[in-house]
**Q** 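Got a structure for you, questions after.
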Amino acid sequence: MATTKQNAAPQKKSEGFNGVRGAFWIILVCAVVAFTLFFTWFGNPMHFQDPETMLHPADVWGTIYKGGIVVPVLHTLLLTVLAMSIERYFALKTAFGKGALPKFVANIKTALNANDMAKANQLCDQQKGSVANVVKASLNAYKDMESDANRALKKSQKVAKIQQAHEEATQLEMPVLTMNLPIIATLVTLGTLTGLLGTVVGMIKSFSALASGGGADSAALSEGISEALINTAFGIGTSWLAVVSYGYFSNKVDKLTYALDEVGYSIAQTYEANHTDEA
């Protein structure tokens, strides 16, 4: 039993906020909030000049309400982008660790150049986060290659095993880094398409008003145009925010990945430079 515990692979430490895996519940909550606001606040008679007919909006809330039933759908998408962006911000903040990432990488490389593995491990314990977890796994593999159990392996095989441990640890961390980013990417297109749908519906109502009775019903015509324009604006705004959010967080993930590759290469090169094949 004791031997089994000693040989077991170290489990990934889960410290801080690692993201929300149940994205469906975030979307559901956003939908409930959006539809509740649409029918209780946006559609409140106080936002219209004529509370009985609710034809002439008195403020921006009434104008948004005139956008029609597509508005709460777009509002759901907008709130989802905001919620996912906040979720990604805190998850990546945890992944980057407590200190500045460039400084951590530089300190690790300095410790490796000095062949001070104890210092490198100490830096990982202080930094925490995904980068520190991966570096820690690589350092453990480095130490393991120096044990008597792996003495028979060639230096190239040992370096390959260190690199393999680094890659496996990186793959273990990647789901935390990229979680929910595909949803934000999907909302880029979905926001535009849903806004376009609302625009088409609004234009259909406008042309129907023009065609009815051989003349134009100004109220119905203005309502259709209002619905078309509001949905267009809402859809563009949602997609714009989703594009900015996806680009920002993708760039953060890329920076973290580059830092992992840099440290992993340094660890492998340090072992290769400081060791020779056993005779």
Side-chain angles (χ1 to χ4, degrees), residues 4-23 84-147 149-150 157-184 248-272 274:
T4 303
K5 289 183 179 179
Q6 289 176 355
N7 294 335
Q11 296 294 320
K12 173 187 168 184
K13 294 181 180 179
S14 178
E15 298 176 347
F17 180 72
N18 291 316
V20 178
R21 298 184 183 277
M84 292 295 183
S85 297
I86 294 172
E87 181 266 350
R88 284 294 83 203
Y89 172 79
F90 286 107
L92 289 179
K93 185 177 180 181
T94 298
F96 270 71
K98 293 186 176 181
L101 189 58
K103 183 177 180 180
F104 170 72
V105 173
N107 289 338
I108 286 290
K109 293 175 70 175
T110 299
L112 291 174
N113 291 333
N115 200 27
D116 190 351
M117 293 299 151
K119 178 64 175 179
N121 276 287
Q122 182 183 2
L123 290 170
C124 292
D125 292 337
Q126 294 172 351
Q127 179 73 11
K128 304 185 185 300
S130 294
V131 176
N133 289 340
V134 174
V135 175
K136 189 84 170 177
S138 301
L139 292 175
N140 288 338
Y142 187 109
K143 182 179 179 181
D144 189 48
M145 290 304 105
E146 295 182 323
S147 65
N150 295 300
Q157 293 176 310
K158 294 179 179 179
V159 171
K161 283 185 174 294
I162 293 173
Q163 292 174 332
Q164 181 182 0
H166 177 85
E167 292 172 0
E168 289 176 352
T170 301
Q171 291 301 317
L172 187 64
E173 296 290 341
M174 284 307 294
V176 175
L177 303 179
T178 60
M179 188 192 309
N180 295 330
L181 279 181
I183 296 177
I184 297 178
Y248 174 78
F249 291 115
S250 294
N251 183 54
K252 297 280 283 186
V253 172
D254 288 343
K255 285 183 178 180
L256 195 146
T257 304
Y258 295 151
L260 289 176
D261 291 341
E262 183 179 358
V263 176
Y265 177 79
S266 297
I267 293 174
Q269 289 301 307
T270 299
Y271 187 91
E272 189 170 12
N274 293 338

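Sequential numbering from 1 along the given sequence is applied to the chain's residues.
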**Q** Which heavy atom in Ala137 sits nearest to a heavy atom in Ala169, and how many Å separate them?
**A** CB-CB, 3.6 Å
**Q** Determine, step by step, whether Leu112 and Met117 satisfy the side chain to side chain contact (heavy atoms under 4.5 Å, CB included) criterion, reporting the C-alpha distance in whole Å, the side-chain angles of both residues, the deciding distance to 0.1 Å, and the verdict.
**A** CA-CA 7 Å; Leu112 291 174; Met117 293 299 151; 3.5 Å; yes
**Q** Does Glu167 have any salt bridge (charged side-chain N to carboxylate O under 4.0 Å, His left out) partners at least two apart in sequence or in another chain, and if so, which?
**A** none
**Q** Quick one: does Val263's side chain get under 4.5 Å of Ile267's, heavy atoms only?
**A** yes
**Q** Can you see which heavy atom on Pro182 is nearest to which on Thr178, and at what distance?
**A** CD-O, 3.3 Å
**Q** Could you walk me through whether Ile184 and Arg88 satisfy the side chain to side chain contact (heavy atoms under 4.5 Å, CB included) test, starting with their C-alpha distance in whole Å, then the side-chain angles of each, then the deciding distance to 0.1 Å, before giving a yes or no?
**A** CA-CA 10 Å; Ile184 297 178; Arg88 284 294 83 203; 4.3 Å; yes
**Q** Treating Asp144 as the side-chain partner and Asn140 as the backbone partner, does any N or O pair qualify as donor plus acceptor under 3.5 Å?
**A** no
**Q** Ignoring hydrogens and angles, tell me if any N or O in the side chain of His166 forms a donor-acceptor pair with the backbone of Tyr265 under 3.5 Å.
**A** no
**Q** Does the side chain of Ile108 come within less than 4.5 Å of Ser266's, by heavy atoms?
**A** no
**Q** Taking all atoms of both residues into account, what is the closest heavy-atom pair of Leu123 and Phe104, and its distance?
**A** O-CE1, 3.6 Å
**Q** State the CD-CD distance between Gln163 and Glu272, to the nearest 0.5 angstrom.
**A** 8.5 Å
**Q** Does Lys98 form a side chain to side chain contact (heavy atoms under 4.5 Å, CB included) with Gln126? I'd like the steps, not just the answer.
**A** CA-CA 8 Å; Lys98 293 186 176 181; Gln126 294 172 351; over 6 Å; no
**Q** Test side chain to side chain contact (heavy atoms under 4.5 Å, CB included) on Lys252 and Tyr248; report intermediate values, then the result.
**A** CA-CA 6 Å; Lys252 297 280 283 186; Tyr248 174 78; 4.0 Å; yes
**Q** Working to the nearest 0.5 Å, report the span between CE of Met145 and OH of Tyr271.
**A** 7.0 Å
**Q** Keeping Asn180 on the side-chain end and Ala23 on the backbone end, is there a donor-acceptor pair under 3.5 Å?
**A** no
**Q** Should Phe249 and Val253 count as side-chain neighbours, where that means a heavy-atom distance under 4.5 Å?
**A** no
**Q** So how far is it from Glu173 CD to Ser130 OG, rounded to the nearest 0.5 Å?
**A** 3.5 Å
**Q** Can you tell me how far the CG atom of Asn113 sits from the CD atom of Gln269, to the nearest 0.5 Å?
**A** 11.0 Å
**Q** If you look at every heavy atom in Ala165 and Ala141, which pair is closest and at what distance?
**A** CB-CB, 3.5 Å
**Q** Return the OG1 to NZ distance between Thr94 and Lys128, rounded to the nearest 0.5 Å.
**A** 12.0 Å
**Q** Nearest 0.5 Å please: distance from the CG atom of Leu256 over to the CG atom of Asn251.
**A** 11.5 Å
**Q** Report yes or no: does Gln127 contribute a side-chain atom to a donor-acceptor pair with the main-chain N or O of Gly99 at less than 3.5 Å?
**A** yes
